[in-house]
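In what follows, chains are A, B, ... by sequence order, proteins preceding strands, each numbered from 1.
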Amino acid sequence: MENLMAEIVRVTELSKHAGEEVIIQGWVYNRTDKGKLVFLLVRDGSGFAQCVAFKGDLDEKLFDQIMRLPQESSVIITGAVREDKRAPGIPGGFEVGIKDLKVVQSADADYPMALKDHGVDFALDNRHLWLRMQSQWAILRIRATVMAATREWLDNNGFIAMDTPILTPAAAEGTTTLFETEYFDEGKAYLAQTGQLYNEANIFSFGKVYCFGPTFRAEKSKTRRHLTEFWMLEPEMAFTDLDGLMEVEEQMITHIVQRVLRDRKPELVSLGRDLTKLENIKAPFPRISYDDAAKMLQEMYKKESDPEKKELLKFDWGIDFGAPHETAITQQFDKPVFVYGYPTAVKAFYMEPWPGRPEVCKSVDLLAPEGYGEICGGSERISDHDLLLKRIREQKLPEEAFKWYLELRKYGSVPHSGFGMGTERVTAWMCGIEHVREAIAFPRTIKRVYP
RNA sequence: UCCUCGCUAGCUCAAUGGCAGAGCGGGCGGCUGUUAACCGCUAGGUUCGAGGUUCAAGUCCUCGGCGAGGAGCCA
């Protein structure tokens, strides 16, 4: 660098260097020239900043090179930081007057991603480049904060991080489809769809634990809220009943939302997110029983005049909620809402029955507002050995595979509860985006494993 | 697995059964404050594939391919 005094600065820190000469290392996101002026919108990973080249300040050859810089060229810029309300960017309001510019690599001119909306197919085929766009950058920064805030809350509230295996010997819940792989001489192994059963073992050593890792579902689900590989958080707690579980969920979600609002406001604003919708999100969250939710849905069914919507709202006690039902319920609230006490028949075998009402169980889903639907699903687990054994036999699950799981109920069994949270669903809700596929860097869906 | 929709320039999309078009992006030129700048010029096409109907098919019919989002299932 010509100026040995200049410091390498990240775009987020520009406002702290007003009047100083700095070095920015990044990529040309957009370029527009106006005769003797060239505006470069440069991104460096931390943000987007406008850098301005004025013909009178630079030698002719360099100015000409800057004027022709292709989109996405990598550059090292030396210049003076100045405050200017006209300067676009994230965070914006400060720009760099270019004194020198080194081209690290001049990008090929055929960069395919224009700065505008793209079709889904094209965007996903070019995910490796789509990631550079401001919207995707903002979404994935928010995702990182969702994950950091999640761990932060759990770590500060007595939970221990325990990683559970991804290669597992058998179906945990029996019903859903698993990805299969060869495992040496041991036959088949399967990619985990949950760490819950292992966490139930872990709580007897550590009390409160969580796992947070990728999880795999080979279901042929094709909707805006499904991926075949997604990141799930699963806390599990000893000596905790269903009420205790709901308290943990609402405290943790509150922390996540408030932390995103505190640390990722520029990203949220750049996505056009309505911040007032998130500022509302504070514990306690409303709690309604499945029975009451069923009544609500039947009322809504009666009132609905559009025959198409009416058909979707059709509901009888005993069935699980579909996406239209969840949407209808959440539209009644401006916060996430707990629905607890689902019919035993539609839920997993390990859920504790409701005292005196064996047809319902101590399960709870947390439904996010604005139509986002289920973000967390959990339950109090069966703690009685004989009841659990009975359920395993009723469901015709391979008893041998659950030997260790049953033993947990023989040696100091306690009431315990846990839940799973879908990271991409929470992130999509924070961002106000339509589809979970944008809430992970390289989404895996039933039709896509590339790139 | 079922239902619905889509596939035209690098991208986003037009085109009553009658000459294949625009904007963006690319190239060339102009402009000292642009905000996905603007203005002028320019290059760019196996209309997803295979059959068929027709004087004539991007458009209509049949079959196939690929993708999407909704159902089911779930976080």
Who is the Watson-Crick or G-U wobble partner of [N], with both distances under 3.5 Å?
N	answer
B/rG45	none
B/rC60	B/rG52
B/rC5	B/rG67
B/rU34	none
B/rG40	B/rC28
B/rG21	B/rC13

Closest nucleotide of RNA chain B for A/Asp121 versus for A/Lys347: which of these residues is on the 5' side?
A/Asp121

Judged by each residue's nearest nucleotide on RNA chain B, which is more toward the 5′ side, A/Leu312 or A/Tyr111?
A/Tyr111

[atom1] gap between [N] and [M], integer Å:
N	M	atom1	answer
B/rU59	B/rG33	C1'	48 Å
B/rG23	B/rU34	P	23 Å
B/rC5	B/rA9	P	23 Å
B/rG45	B/rC38	P	25 Å
B/rC55	B/rG69	P	43 Å
B/rC41	B/rC48	P	30 Å
B/rA50	B/rU12	P	23 Å
B/rU53	B/rU4	C1'	27 Å

Could you tell me whether [X] contacts a base, only the sugar-phosphate backbone, or nothing, with contacts defined as non-hydrogen atoms closer than 4.0 Å?
X	value
A/Gly119	sugar-phosphate
A/Asp365	nothing
A/Lys55	nothing
A/Glu434	nothing
A/Gln50	base
A/Pro70	nothing
A/Phe39	base

Counting only distance, no hydrogens or angles, is the base of [N] paired donor-acceptor with the side chain of [X] under 3.5 Å?
X	N	value
A/Gln71	B/rG26	no
A/Arg425	B/rC74	yes
A/His118	B/rC11	no
A/Ser221	B/rC73	yes

Where the side chain of [X] is concerned, which of [options] is the nearest nucleotide?
X	options	answer
A/Leu37	B/rC73, B/rA68, B/rG33	B/rG33
A/Arg448	B/rA71, B/rA68, B/rU34	B/rA68
A/Lys222	B/rC74, B/rG69, B/rU32	B/rG69
A/Arg217	B/rG33, B/rA71, B/rC74	B/rC74
A/Thr223	B/rC31, B/rG33, B/rG72	B/rG72
A/His435	B/rU32, B/rG69, B/rG10	B/rG69

Side-chain N or O of [X] less than 4.0 angstrom from OP1 or OP2 on [N]?
X	N	answer
A/Arg437	B/rG69	yes
A/Lys34	B/rG33	yes
A/Lys447	B/rG67	yes
A/Lys116	B/rA36	no
A/Arg68	B/rC28	yes
A/His226	B/rC73	no

Is NZ or CZ of A/Lys347 both nearer than 6.0 Å to the six-membered ring centre of A/Tyr342 and within 45° of the ring axis?
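Cation-pi check for A/Lys347 and A/Tyr342: passes.
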
Can the ring centres of A/Phe349 and A/Phe402 be said to be less than 6.0 Å apart?
yes

If I take atom [atom1] in residue [X] and atom [atom2] in nucleotide [N], what distance separates them, rounded to the nearest angstrom?
X	N	atom1	atom2	result
A/Tyr450	B/rC66	OH	C1'	16 Å
A/Asp117	B/rC13	CG	C1'	12 Å
A/Ile319	B/rG72	CD1	P	8 Å
A/Leu178	B/rC73	CG	C1'	13 Å
A/Asp108	B/rG10	CG	P	17 Å
A/Ile446	B/rC2	CD1	P	12 Å

Apply the side chain to side chain donor-acceptor pair (under 3.5 Å) test between A/Tyr210 and each candidate in A/Asp155, A/Asn199, A/Asn202; give the one that qualifies.
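Exactly one pass, corresponding to A/Asp155.
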
Validation row: A/Met113, A/Phe122 side chains within 4.5 angstrom (heavy atoms):
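Yes. Closest side-chain heavy atoms under 4.5 Å.
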
Does a side-chain heavy-atom distance below 4.5 Å link A/Arg287 with A/Met246?
yes

Identified side chain to side chain contact (heavy atoms under 4.5 Å, CB included) partner of A/Leu101 from the options A/Ile24, A/Val38, A/Leu69, A/Thr78
A/Leu69

Among A/Asn157, A/Leu233, A/Val257, exactly one meets side chain to side chain contact (heavy atoms under 4.5 Å, CB included) together with A/Met252. Which residue is that?
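Output: one option passes, namely A/Leu233.
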
Residue among A/Phe321, A/Phe338, A/Tyr340 satisfying ring-ring contact (aromatic ring centres under 6.0 Å, His included) with A/Tyr290
A/Phe321

What's the spacing between A/Glu424 CD and A/Glu229 CD if we round to 0.5 Å?
9.0 Å

